[in-house]
Each structure stands twice: as structure tokens, then as C-alpha cells.
Protein chains: 2
Amino acid sequence: MGTEDGERGGLRERKKQETRIALSWAAVRLTIERGLENVRVEDIAAEVGVSPRTFNNYFSSKGEAIAARHLERARSIAAELRAQPASKPLWEAINDAALARFALGQEGDGRNTHDQQWIAGVRLMIAEPALQGEMIKASAAAEAEFAAAVAERTGTDVTSDMYPKLVAGAVTAAFGVAVEHWLRADPSVSIMTLVSEALHRLSAGLPAP
Amino acid sequence: MGTEDGERGGLRERKKQETRIALSWAAVRLTIERGLENVRVEDIAAEVGVSPRTFNNYFSSKGEAIAARHLERARSIAAELRAQPASKPLWEAINDAALARFALGQEGDGRNTHDQQWIAGVRLMIAEPALQGEMIKASAAAEAEFAAAVAERTGTDVTSDMYPKLVAGAVTAAFGVAVEHWLRADPSVSIMTLVSEALHRLSAGLPAP
DNA sequence: AGAAACATTGCGGGGTCCGCAAAATCCGGT
DNA sequence: ACCGGATTTTGCGGACCCCGCAATGTTTCT
């Protein structure tokens, strides 16, 4: 019978990704429940049904497993930027890409468990010092992709010109600030509003208010 | 005989700081020589003449010890910003503060061993993946101080207004990009030129070139 | 089906980091 | 100048993490 996988790359690759994501989510979930210090690699592996040794084949540390969720989210923003029509002005495209990806808890009516989990996860990464580094590192990784997208869009060169990385760095910082404020202060203001405001100020040259 | 310390806080505190700095430099030096994987905590402690256990009283990891140099440098920029006259416009003050602190290898004539060591240290932190996180984390820590300085100067509030953190984040990113380009590409261009250019672009709203 | 490629697992070791309690050192008052 | 409390340093022991290696499955290709 014909192989009816219908998916790219073969079944093997697919399963790997599933395991990877499952491990990552398990790490987040357990850490939210018990705190980072009370979660051993053994527990995470058990939750997914693999050996502890296998966990370390996927992630080189507990922290990396947790930050992997964040990394993927951040990456998707770069992808979204690439998906924006080339005719759009850069800052407008950035804004639209961000808004598309920061649409959280908007759809449906709060029944979106994964978003909830993710928000709790971000809170965690901000709170636990041991995770802050990992989250920042993940942001930096995504920043590189974002810079590449900006370079492509503006016809500049990532290696010879500072411009793309400058934009990527500033935008990443803006996202971070917006998210942090959103989590800390009143949740009444939507994250999207804050992100838009931050980006707008950036593109205006951050004049003193 | 009279205690002729002439320094603040007592002799004890002083010695602690010295040990701390000595450990940090030793960590940098050894890692440059042998690579991170070939340096154990034991070696660093031995170099300074303390027990391995003591090392961990000062730093909670090897990486932190190395990044401590970077952290101190970054902090000094925030301090420099505070030292700028309040009458100066914000962006001018930021630029001047940065230039004052990025004056490297300029003075004297290359006889400045500590600057050389530091440059090599930064190269290291950029190259070794295990150290990237630490360096970024240190940058983030300094960023908070920078934000406080900006808040003070602009009369904004760090907790309620995004502005100070936005500026701090963007500026930190700009420093990072400038340093990275300086290290990677031709060392002919001075770091100060690159920093100024990056800041100027930022304050102009990062228009596509 | 058979072989090659790849993933998972167990084992073992080097190393890090921390808590704890004893020894060494410093500081301030008399 | 000395003593008592406070602080630091140190050694020890333990829990855990992370990786290399080699054996053992499992998928993919021909």
C-alpha cells in the first residue's frame, strides 16, 4: 500500500519533533507546578515516557527545554515578518507581524489552554533567575532570524551593515519591555496595544516624553 | 599606629572585593588560554590562592565569574550617564557617556594590558556558546541600571512607564551590535565611531537606509 | 527482505554547586 | 592591648547534571 503520510520529511522526523515539543511542554508544566528546583530531568522524561538519557539528546539542559517554547514563539514572529507583503513599509510590516503573533487570549474566550500555559511559562522565566538567562538567550537566537528577515526586506547585508541587527535588537527589546509591562501591571491593557506603542516610539526615535 | 586605610567601608569589605575581582580575572585569563572546558573551578581558585569552595561563595558558576567583568563595564556606562550634566539633552548625554567608556586602547599606546584582556574576554564570550547566555544576562542586569538612570534624567517612572526601559533596551542592543561588528570586521574603524553611528540611527528612528 | 541509517537506552564518570558545621580571621569596645 | 562576637574561609558530603560510549531497538532505502 502507498505510504500515505502526506507530511514532509518522513514519519521519523515527525515523531522527533513531537517528542521534542512534548518534553518542552512537560518541563514547563512541571516547573510551573513545583518550581524549578523540585523538578528533575528524570521527572520530565517520565512524563513523556522516554529515558532520562534521551531528554539530554534533545536538550542540553532543563532550562533550554523550557526556553524552547519561547524560542519557537519568537521565531514565528520573524517568519510572520517574512510573510508580510514586500510592498509594505518596514515598520508597518514589523508592527503587523507582531500584532498577528501577539494575539493571545483574544480568540475564542479564554478556553485556549496553551496560551494560558505559555503566559504562565513566561512569568516563570521572568521570575526564576536561573531561567532568565535561558529566555534571553532564546530571544537572542530569534533576534538573528529577525535580523535576516529585515536584511532581506531592506536589501541590506547582515554581515557588513549594522542596520538589520540594530533593528532586530531594538525590536526585540521593545517586545520584551512590552511583555514585561503587560505581565506586571494591569492586564486590562491588551498586549497588542503595548507592543504597538513600543514599536511606534522606537520608529519615532524614542524622543523624551 | 593609626589605621591608614583611607578607604571606605573597612578593610574587610575591601579585601572581599579584591578577591572577587581577582577570581574573575583569573577565570577570564585561564579560559582565554585553555578554553572553557579545560578550566576547572579548582584551577581558578588555586590561581588566586583560595579554596574551591570559596570560589562558589563569590560566584555561583564559572560563567558568572567571567561575565562579572563585562557586568562591571556595562554598569559603569550607566554611572557615566548619571554623571553627565542634567542640562544635556538625553541622546547627547547617552552618546557622550558611551564614548567616555568605550575609549579602549586609545590612551597610552597599547601598553594597557587590562583592556587587551578584556577585549579577548569579550571575544571569548561571543564565541563560546556556554558564555553567551552569561554575557547577555549581565547585559540585562546593567540594562536595569541604565533604565533607572534614564528615568531619573527624564523624570519618568521605571515601573509605570515603558519609556526608560525602552531606551535602555534599545541602547543596550545598539552597544551589542556595535561591539560585535567591531570585533568581527576591520578593527580599523574605531569602536567609538560605530557606537556613535548606532546611537545616531536609533535616535533617528531607524529609517531604512 | 536485508542492509544501512538513525534513535533510544543504560552505564559510568567527571564536574558543578550547595548546605552544613568547624576553623580561621577580622572588628570594635574597654 | 586584648577579648568576644561577627564574618569568612574551608573541608566534607551529597545530589544532580550532562556527556561519551557502546549496545539495542526501530525506521528507511533499495
Side-chain angles (χ1 to χ4, degrees), chain A residues 1-24 26-27 30-31 34-68 128-131 133-134 137, chain B residues 1-24 26-27 30-31 34-68 128-131 133-134 137:
Chain A
M1 59 200 74
T3 60
E4 47 167 321
D5 51 34
E7 294 295 352
R8 53 180 302 94
L11 177 146
R12 199 170 198 159
E13 197 66 20
R14 183 139 220 84
K15 205 151 197 184
K16 265 188 81 169
Q17 288 312 315
E18 277 171 18
T19 307
R20 187 181 173 81
I21 291 173
L23 283 171
S24 177
L30 289 174
T31 307
R34 314 183 197 167
L36 185 62
E37 300 312 308
N38 304 318
V39 178
R40 16 224 111 270
V41 167
E42 194 186 339
D43 304 328
I44 302 170
E47 176 119 341
V48 177
V50 297
S51 81
R53 183 66 184 83
T54 295
F55 174 88
N56 277 90
N57 287 344
Y58 283 92
F59 300 104
S60 64
S61 76
K62 254 189 298 180
E64 190 181 315
I66 294 174
E128 285 269 9
L131 292 178
E134 292 295 335
K137 206 158 81 178
Chain B
M1 58 201 74
T3 60
E4 49 167 320
D5 52 33
E7 292 294 352
R8 53 179 301 96
L11 177 146
R12 202 168 196 161
E13 195 66 20
R14 183 140 221 84
K15 205 151 197 186
K16 264 188 82 168
Q17 288 312 316
E18 277 170 18
T19 307
R20 187 182 173 82
I21 291 174
L23 282 170
S24 177
L30 289 175
T31 307
R34 316 184 196 166
L36 185 62
E37 300 311 309
N38 303 319
V39 177
R40 27 227 100 264
V41 167
E42 194 185 340
D43 304 328
I44 303 170
E47 176 119 341
V48 178
V50 297
S51 80
R53 183 64 184 82
T54 295
F55 174 89
N56 277 91
N57 286 345
Y58 283 92
F59 300 104
S60 65
S61 77
K62 253 190 300 180
E64 190 182 314
I66 295 173
E128 285 269 8
L131 292 178
E134 293 294 335
K137 206 159 80 179

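Chain identifiers are assigned alphabetically (A, B, ...) following the order of the sequence lines, protein sequences preceding nucleic acid strands; residue numbering begins at 1 within each chain.
Each end of the helix from C:dA1-D:dT30 to C:dT30-D:dA1 yields a helix axis from five base pairs, and these two axes differ in direction by 30° (to the nearest 10 degrees).
Atom CD in A:Glu64 sits roughly 9 Å away from atom P in D:dC18 (whole-Å rounding). Distance CG (B:Asp43) to P (C:dG14): 16 Å, rounded to an integer number of Å. Atom CD in A:Glu18 sits roughly 13 Å away from atom P in D:dT27 (whole-Å rounding). Summarising the geometry, the separation between CD on A:Glu42 and C1' on C:dT9 is reported as 14 Å, rounded to the nearest angstrom. At whole-Å resolution of the value, CG in B:Leu23 and P in D:dT8 are 15 Å apart. Between the CD atom of A:Glu13 and the C1' atom of D:dT28 there is a distance of 13 Å, given to the nearest Å. In this structure, CZ of B:Arg20 is placed 13 Å from P of D:dT8, rounded to the nearest angstrom.
Using a 4.0 Å cut-off on heavy atoms, the residues of residues 53-63 of chain B that approach DNA chain D are B:Arg53, B:Thr54, B:Asn57, B:Tyr58, listed by number.
Listed for the B:Lys137 side chain is no donor-acceptor partner under 3.5 Å among the backbone atoms of B:Ala67. Between the B:Ser24 side chain and the B:Arg20 main chain, no donor and acceptor come within less than 3.5 Å of each other.
Close to D:dT8, at under 4.0 Å from its OP1 or OP2, lies a side-chain N or O of B:Lys16.
The shortest distance between side-chain heavy atoms of A:Tyr58 and A:Lys16 falls below 4.5 Å.
Each of A:Asp43, A:Asn38, A:Ile66 was evaluated against A:Leu30; a single residue qualifies, A:Asp43, per the side chain to side chain contact (heavy atoms under 4.5 Å, CB included) test.
The two residues A:Val41 and A:Lys62 come nearest to each other via the heavy atoms CG2-CG, 4.1 Å.
Counting only heavy atoms from C-beta on, B:Arg40 has its side chain closest to C:dT16 among D:dT10, C:dT16, C:dC26.
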